[in-house]
A.B. asks: 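What follows is a structure written as structure tokens; I'll ask about it next.
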Amino acid sequence: PQDTRKNTFISDVDGSAQYYGVRPAQSRKQTPNLVLTLHGASVEGMGQAEAYGNHVDINWIAATNRRPYGFDWEDWGRKDAMEVLADASARFPMDPAKVHLAGHSMGGQISLTLALTAPERVSALILSAPAGIERFSPGGGAWMKSYWTETRALEAREEEVRLNFTQLVFNRVDEHVEALLEERVRMQKTPEFAATSVAVSRCIAGMIDYPVFSRLDEIKAPTLLIY
């Protein structure tokens, strides 16, 4: 019961069975905190849950966004996140005043959005390299959306991916970056990656179409920002 696992529930959106990843608290002697964590593009819910260490007093709850690697978080994804929070809140002993929201990359943007639209549900924010705090010119945003089509990631050559990883994303070359690069190239050859390519495109469009930078001063929850 203390291992990372999947919990399932029936979605009110369409009656389908959905799941989320759980990394449970390691102690049952106290009421733990509950952290809903939202992944970035090209990440799956169980992978997000497994990225965290074991904690005595934290239940990590990782929404997966309704399919492998998810939709964008702005529509279906946001509904999924709130359904996951409701299901997990009913299953795990918790203090409603200690529901925290964590987001990485594109999941960071929707964490900010949820803190703005449902502030009563969020007691604190943990943001790891979040999208959404950038500012784009109208021309720059339009160019990014036109470049990142729904097949762009699927069509990227290995040389392009390597350049992106080593000079833009991580800005270095070592064994850890190389391992991630190899995994990215492997993923591209799987049938599921077509959905990943769509998710990346829609996440970028959501980041540009639903900016939150101008509203950051409205967020009242204590926030930890990690880069």
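Keep in mind the model is a prediction, meaning the values are calculated, not measured.
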A.B. asks: Counting distance only, does the side-chain N/O of T190 pair as donor-acceptor with the main-chain N or O of M187 below 3.5 Å?
C.D. replies: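 It does hold such a pair.
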A.B. asks: M94, L101: one ILVMFWY side-chain cluster at the under-4.5 Å cut-off?
C.D. replies: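 M94 and L101: one cluster.
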A.B. asks: Compare every heavy atom of N59 with every heavy atom of P32, then report the nearest pair and how far apart it is.
C.D. replies: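 Of all heavy-atom pairs spanning P32 and N59, the closest is CG-ND2, 3.3 Å.
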A.B. asks: What I'd like to find out is whether the side chain of I219 reaches to under 4.5 Å of the side chain of L112, using heavy atoms alone.
C.D. replies: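 Yes. Closest side-chain heavy atoms under 4.5 Å.
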A.B. asks: How far apart are the closest heavy atoms of I208 and G141, and which atoms are they?
C.D. replies: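 Minimum heavy-atom contact is CD1-O, 3.4 Å.
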A.B. asks: Walk me through whether N7 and Y19 qualify under side chain to side chain contact (heavy atoms under 4.5 Å, CB included).
C.D. replies: CA-CA 5 Å; N7 278 4; Y19 95 89; over 6 Å; no
A.B. asks: Could you state the interatomic distance from CZ (R186) to CG (L181), rounded to the nearest 0.5 Å?
C.D. replies: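 R186 CZ to L181 CG: 13.0 Å, rounded to 0.5 Å.
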A.B. asks: Which heavy atom of A156 sits nearest to which heavy atom of R184, and what is that distance?
C.D. replies: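 Reported closest heavy-atom pair: CB-NH2, 4.3 Å.
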A.B. asks: I'd like to know if D3 and R23 make a salt bridge, using a cut-off of under 4.0 Å between side-chain N and carboxylate O.
C.D. replies: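 Here D3 does not pair with R23 in a salt bridge, since their nearest N and O are not under 4.0 Å apart.
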A.B. asks: Any donor-acceptor pair under 3.5 Å linking the side chain of Q167 with the backbone of F165?
C.D. replies: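 Side chain of Q167 to backbone of F165: no pair is present.
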A.B. asks: Quick check: does any side chain N or O of T151 sit under 3.5 Å from a backbone N or O of L154, one acting as donor and the other as acceptor?
C.D. replies: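 Checking the backbone N and O of L154 against the side chain of T151, no donor-acceptor pair under 3.5 Å is found.
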A.B. asks: Do D87 and Y20 pair up side chain to side chain, a donor and an acceptor below 3.5 Å, judged on atom types alone?
C.D. replies: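 The criterion, which ignores hydrogens and geometry beyond distance, is satisfied for Y20 and D87.
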A.B. asks: Does a salt bridge link E50 with R5, judged by any charged N lying under 4.0 Å from a carboxylate O?
C.D. replies: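 A salt bridge is absent here (no side-chain N lies under 4.0 Å from a carboxylate O).
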A.B. asks: Does E158 have more than 12 heavy atoms from other residues, nucleotides or ligands lying within 6.0 Å of its CD?
C.D. replies: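 Not more than 12 within 6.0 Å, no.
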A.B. asks: Which distance, rounded to the nearest 0.5 Å, do you find between the CZ of R157 and the CG of L163?
C.D. replies: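 R157 atom CZ to L163 atom CG measures 10.0 Å (nearest 0.5 Å).
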A.B. asks: Would you find a donor on one side and an acceptor on the other, under 3.5 Å apart, between the side chain of S123 and the backbone of V99?
C.D. replies: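 Flag set: sc S123 to bb V99 pair under 3.5 Å.
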A.B. asks: Is there a side-chain contact between V122 and H100, using heavy atoms and a 4.5 Å cut-off?
C.D. replies: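 When only atoms from C-beta onward are counted, H100 and V122 do not touch, as no gap falls below 4.5 Å.
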A.B. asks: Can you tell me if S105 uses its side chain to pair, donor with acceptor, with the backbone of G40 under 3.5 Å?
C.D. replies: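 Here the side-chain-to-backbone pair does not exist.
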A.B. asks: Please say yes or no: joined through hydrophobic side-chain contacts below 4.5 Å, possibly via intermediate residues, are V22 and M46 part of one cluster?
C.D. replies: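 Unlinked, V22 and M46 end up in two clusters.
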A.B. asks: Apply the side-chain hydrogen bond (donor to acceptor under 3.5 Å, both in side chains) test between S11 and each candidate in Q18, E83, K79; give the one that qualifies.
C.D. replies: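 Between S11 and the candidates, side-chain hydrogen bond (donor to acceptor under 3.5 Å, both in side chains) is satisfied uniquely by E83.
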A.B. asks: Closer than 4.0 angstrom, basic N to acidic O: yes or no for R162 and E182?
C.D. replies: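 No, no charged N to carboxylate O under 4.0 Å.
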A.B. asks: Taking atom types as modelled, is there a side-chain donor on T113 or Y210 under 3.5 Å from an acceptor on the other?
C.D. replies: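 Side chains of T113 and Y210: no pair found under 3.5 Å.
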A.B. asks: Look at the side-chain heavy atoms of Ile, Leu, Val, Met, Phe, Trp and Tyr, link any pair under 4.5 Å apart, and say whether M82 and I126 land in one connected group.
C.D. replies: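 No, M82 and I126 fall in different hydrophobic clusters.
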A.B. asks: Do you know which two heavy atoms are closest between D174 and V177, and how far apart they sit?
C.D. replies: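 In this case the closest contact between D174 and V177 is OD1-N, 2.9 Å.
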A.B. asks: Taking atom CZ of R78 and atom OG of S111, what is their separation to the nearest 0.5 Å?
C.D. replies: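 Here the interatomic distance stands at 11.5 Å.
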A.B. asks: Are any non-hydrogen side-chain atoms of W60 and H55 less than 4.5 angstrom apart?
C.D. replies: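 Heavy-atom side-chain distance check passes, below 4.5 Å.
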A.B. asks: Taking atom CD of E183 and atom CD of Q188, what is their separation to the nearest 0.5 Å?
C.D. replies: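 The CD atom of E183 sits 12.0 Å away from the CD atom of Q188.
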A.B. asks: Any side-chain heavy atom of H39 sitting closer than 4.5 Å to one from E44?
C.D. replies: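 Counting from C-beta outward, H39 and E44 never come under 4.5 Å.
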A.B. asks: How far apart are the C-alpha atoms of L34 and L85, what are their side-chain angles, what is the distance that settles it, and do they pass the side chain to side chain contact (heavy atoms under 4.5 Å, CB included) test?
C.D. replies: CA-CA 9 Å; L34 187 148; L85 178 57; 3.9 Å; yes
A.B. asks: Within the distance-only criterion (no hydrogens, no angle test), does the side chain of T31 pair as donor or acceptor with the backbone N or O of P93 below 3.5 angstrom?
C.D. replies: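 Side chain of T31 to backbone of P93, a donor-acceptor pair under 3.5 Å: no, none is there.
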A.B. asks: Sorted by first residue and then second, give each salt bridge (charged side-chain N to carboxylate O under 4.0 Å, His left out) pair with at least one member in residues 115-141; sequence neighbours left out.
C.D. replies: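 Matches after skipping sequence neighbours: none remain.
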A.B. asks: What is the distance from atom NZ of K6 to atom OG1 of T8, rounded to the nearest 0.5 Å?
C.D. replies: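 Answer for the NZ-OG1 pair, K6 versus T8, is 10.0 Å.
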A.B. asks: What are the two closest heavy atoms between A81 and A63, and how far apart are they?
C.D. replies: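 Smallest heavy-atom distance, with atoms named: CA-CB, 4.3 Å.
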A.B. asks: Quick one: pull up OG in S197 and CD in E150 and give me the separation to the nearest 0.5 Å.
C.D. replies: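 Here the rounded value is 8.0 Å.
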A.B. asks: M106, M144: one ILVMFWY side-chain cluster at the under-4.5 Å cut-off?
C.D. replies: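 Yes: a chain of side-chain contacts under 4.5 Å links M106 to M144.
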A.B. asks: Is Q26 reaching over with its side chain to a backbone N or O of V56, donor-acceptor style, under 3.5 angstrom?
C.D. replies: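 No, the answer is negative, given that no donor and acceptor are paired below the 3.5 Å cut-off.
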A.B. asks: Keeping to residues at least two apart or across chains, list the ring-ring contact (aromatic ring centres under 6.0 Å, His included) pairs with something in residues 112-154.
C.D. replies: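 Non-adjacent pairs meeting ring-ring contact (aromatic ring centres under 6.0 Å, His included): W143-Y147.
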A.B. asks: Considering non-hydrogen atoms only, spot the tightest contact between T223 and A221 and give its length.
C.D. replies: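 Of all heavy-atom pairs spanning T223 and A221, the closest is OG1-O, 3.0 Å.
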A.B. asks: Indicate, with yes or no, if L225 and I110 share a hydrophobic cluster defined by side-chain heavy-atom contacts under 4.5 Å among Ile, Leu, Val, Met, Phe, Trp and Tyr.
C.D. replies: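 Cluster IDs for I110 and L225 match.
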A.B. asks: Are I226 and L127 packed together at the side-chain level, in the sense that at least one heavy-atom pair is separated by less than 4.5 angstrom?
C.D. replies: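 I226 does not reach L127 side chain to side chain.
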A.B. asks: For the residue pair L38 and L114, establish whether any side-chain heavy-atom pair is separated by less than 4.5 Å.
C.D. replies: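 Answer yes - side chains close enough.
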A.B. asks: Side-chain contact test, heavy atoms from C-beta onward, threshold under 4.5 Å: evaluate it for R172 versus T166 and give yes or no.
C.D. replies: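 SC-SC contact between R172 and T166 ruled out.
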A.B. asks: Are any of the side-chain heavy atoms of V84 and F9 separated by less than 4.5 Å?
C.D. replies: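 Side-chain contact under 4.5 Å: yes.
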